[in-house]
Amino acid sequence: MASQPNIVFIISDDMGYSDLGCYGGEIETPVLDGLASQGLRFTNYYVNNMCWPTRASLMTSLYPLAALPSGGSATDGLHPQATTLPEALRNVGYSTFMSGKWHLSNSKKPDGPNAPHHRGFDQFYGTIEGASDFFAPADLQLNGKSMTHEWEGRDDYYYTDAITDHALEFLSDRDEGKPFFLYMAYTAAHWPLHAKPEDIAAYQGRYHMGWDMLRKQRHARMKELGVVDPQWALSPRHDNVPAWPDAKYPLWHERRMEVYAAQVTCMDRNIGRIKDYLKQEELLDNTIVIYQHDNGGCHVEYLPTRTGSWTRPKTTDGKERPIKPGNIPNLMPGGQETFQSYGYGWANASNTPFRLFKQFDHEGGTRSPLIISWPRGIASELSGQLVGEVCHVIDIFPTLLDLVGAEMVEQQPIPMEGRSLAPALQGKDVKPHEALFWAHNKGSAVWSAGWKLVSPNRGQQWELYHLPSDGTELHDLSLRQPAKARELQQLHKDWLARNKAAARSGIK
């Protein structure tokens, strides 16, 4: 067995802080709950407010503005001067594998310079685009070569299972003399609401109580578990969400959440397959397993007029299955012929007890679970404990380098923004961040020493909160504390300028 630890990093897609059982949810996630009971759960872990920005920060330890050239979009790929996490690990002797959603290059250039197998991964199976049909992923590939033949003519293909199948193949074929880094990027529970019938059936009737009662139940459980401060009030129901008794088409709404939960439980089962393999091969004790979300629950109501390359009819036995995209009331989601999302009401519940959603920099869009399990490396007396250190996805890269004994990367186009969380694995204090920053899509925010300045409309109107006493952001102090608001706004302005300049540097 290699002396350096193996690493399995798992990221899920568009899930709320309260969805997992070990963070207060009712969704059945026994594998992740077990990893949490054997490891650590972080309660103040931040991500960016959308999929690719979080992935860009994970891969580079940079904020997304600097991680991409000229602050561009995901299709532009990572900055050519940036060292990626798999590149850094491969340089110190690791085999590197990825299975799942990349979302950091152009899907029309599957073998281009920013494809994952050209940015540090020895093997890549998965999709490039941000959304994917679970039964027929349109841009499915293996190291730049199309793999859509995997699902054509089949009724039993399901992307969550396939991601795990190929990950296990990579591990089985690996060089056993080298440690490995496996990046598992599941698309669960991103829309569309696609799940296997048996998984949906297991949740039938589970959400009959509706989203209002679900939020209250989750909040109570979260306070019992200690994953939120019991003094924090539950945020009000979002304005776009009716009271459950007033909701039209309640059976359809229930079905949406049933399918969402089924997607999550299927993902958890597949994580269990990876865990079982590690245990069977006597690798589990010396494998660092990390799990997180990429952003908060997504409120978007999928419109019938919205289509994309991901809504590709599946051919089975030479016949196409027509797809009816959109959140069409009483058209029950789950099968491949539908393309729906779970919408405002259930996203509001997923993000309990916080405000707002994916795309926003309020806590509902940027707070994520973080589970770290490593039997050999985490002090046994810490198993199952909570860690309250304020940390961010930019910290994962330096943490892993620290844990494997590698030197820190002299990152370009600017130095790595994160710092190591390794001391927390021994119950020690972590060097605190002076500030954390966000600026993408609808949101803008800066955090410093417990104070958070945040805007829901790209910095046009700022709100100020003191998170230790008001973690659900209900009491705007910007008028009462104008000096603090100005101080944080200047920090954000300076950070924006520095990152935009870095993005432009070294670009020919």
Side-chain angles (χ1 to χ4, degrees), residues 12-20 23-27 29 46-51 54 130-131 186-195 203 206-207 209-219 222 228 234-244 246-250 252-265 267 292-303 306 326-329 333-334 338-369 440-443 454 456 472-473:
S12 71
D13 207 344
D14 287 12
M15 286 178 58
Y17 183 73
S18 71
D19 279 333
L20 304 183
Y23 278 82
E26 76 299 323
I27 298 176
T29 54
Y46 286 103
V47 291
N48 297 316
N49 71 17
M50 289 191 73
C51 306
T54 289
Y186 289 107
T187 51
H190 195 294
W191 48 261
L193 293 171
H194 282 170
Y203 282 97
R206 194 81 64 93
Y207 295 100
M209 87 292 275
W211 42 61
D212 292 329
M213 183 58 67
L214 182 63
R215 293 183 76 225
K216 292 177 182 178
Q217 291 175 351
R218 285 192 177 191
H219 190 217
M222 297 173 85
V228 294
L234 176 64
S235 63
R237 183 195 317 113
H238 190 271
D239 290 344
N240 288 359
V241 182
W244 180 251
D246 299 329
K248 297 179 180 179
Y249 315 106
W252 174 66
H253 284 302
E254 289 179 42
R255 175 62 175 249
R256 295 163 84 191
M257 188 61 189
E258 290 167 3
V259 180
Y260 177 90
Q263 290 176 305
V264 175
T265 293
M267 177 188 68
Q292 69 162 78
H293 301 166
D294 63 354
N295 46 248
C298 181
H299 61 297
V300 171
E301 296 285 358
Y302 202 91
L303 300 176
R306 182 180 179 187
N327 291 346
I328 303 170
T338 67
F339 216 91
Q340 301 189 16
S341 62
Y342 75 156
Y344 273 93
W346 297 120
N348 201 183
S350 282
N351 297 331
T352 301
F354 302 118
R355 289 175 55 205
L356 295 180
F357 316 95
K358 173 184 177 177
Q359 302 181 1
F360 296 91
D361 288 331
H362 288 70
E363 299 291 284
T366 59
R367 184 79 72 101
S368 166
H440 184 71
N441 203 296
K442 300 181 187 300
V454 59
T472 48
E473 300 170 313

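The shown structure was predicted, so the numbers you read here are calculated from the model rather than taken from an experiment.
- In this pair, H299 and Y344 present their aromatic rings perpendicular. The plane angle is above 60°, beyond the 30 to 60° band.
- Distance check: D212 CG to Q217 CD gives 11.0 Å after rounding to the nearest 0.5 Å.
- Between the side chain of N351 and the backbone N or O of G297, at least one donor-acceptor pair lies under 3.5 Å.
- Under a 3.5 Å cut-off, the side chain of H362 and the backbone N or O of G364 do not form any donor-acceptor pair.
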(message) The test is side-chain contact (heavy atoms from CB on, under 4.5 Å); show your working for H190 and D294 and say whether it passes.
(response) CA-CA 10 Å; H190 195 294; D294 63 354; 5.8 Å; no
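- Annotation for T366 and N48: closest pair CG2-C, 4.3 Å, computed over non-hydrogen atoms.
- Heavy-atom minimum distance, P236 versus N348: O-OD1, 4.5 Å.
- With T472 contributing its side chain and P353 its backbone, the two residues share no donor-acceptor pair below 3.5 Å.
- Atoms CD and CG, from E473 and L356 in turn, are 8.0 Å apart once rounded to the nearest 0.5 Å.
- No donor-acceptor pair closer than 3.5 Å links the side chain of T265 to the backbone N or O of A262.
- Ion pairing between E258 and R206 fails under the 4.0 Å rule for side-chain N and carboxylate O.
- A distance of 13.5 Å separates NE2 of H253 from CE of M257, quoted to the nearest 0.5 Å.
- Considering all non-hydrogen atoms of both residues, H293 and M15 come closest at ND1-O, 3.2 Å.
- Between N240 and E301 there is no side-chain heavy-atom pair separated by less than 4.5 Å.
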(request) Walk me through it: do E363 and Y17 pass the test side chain to side chain donor-acceptor pair (under 3.5 Å)? (result) CA-CA 9 Å; E363 299 291 284; Y17 183 73; over 6 Å; no
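- R215 forms no cation-pi arrangement with W211, by the criterion of a distance under 6.0 Å to the ring centre and an angle within 45° of the ring axis.
- Counting heavy atoms from C-beta on, the side chains of C51 and N295 come closer than 4.5 Å.
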(message) The test is side-chain contact (heavy atoms from CB on, under 4.5 Å); show your working for I27 and Y203 and say whether it passes.
(response) CA-CA 9 Å; I27 298 176; Y203 282 97; 3.6 Å; yes
(request) For side-chain contact (heavy atoms from CB on, under 4.5 Å), just list the numbers for T338 and L193, CA-CA rounded to whole Å, side-chain angles, deciding distance to a tenth of an Å, and then say yes or no. (result) CA-CA 8 Å; T338 67; L193 293 171; 6.0 Å; no
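- Distance alone, capped at 3.5 Å, is enough to place a donor-acceptor pair between the Q263 side chain and the P192 backbone.
- Across every non-hydrogen atom of F360 and N49, the tightest pair is O-CB, 3.3 Å.
- For G296 against K358, the heavy-atom pair with the smallest separation is O-CB, 3.5 Å.
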(message) Between S18 and H219, is the side-chain contact (heavy atoms from CB on, under 4.5 Å) condition met? List the steps.
(response) CA-CA 8 Å; S18 71; H219 190 217; over 6 Å; no
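- Distance check, rounded to the nearest 0.5 Å: NZ of K442 to CG of D361 gives 12.0 Å.
- Under the 4.0 Å criterion applied to side-chain N and carboxylate O atoms, D19 and R218 are assigned as salt-bridge partners.
- In summary, of the residues considered (Y302, W252, Y260), a ring pair (Phe, Tyr, Trp, His ring centres under 6.0 Å) with Y342 occurs for Y260 alone.
- Between V259 and P333, the shortest heavy-atom distance links the atoms CG2-O, 3.6 Å.
- The CH2 atom of W191 lies 12.5 Å from the CD atom of Q340; values are rounded to the nearest 0.5 Å.
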(request) Please step through ring pair (Phe, Tyr, Trp, His ring centres under 6.0 Å) for the pair F339 and H194, ending with a clear verdict. (result) CA-CA 8 Å; F339 216 91; H194 282 170; 5.7 Å; yes
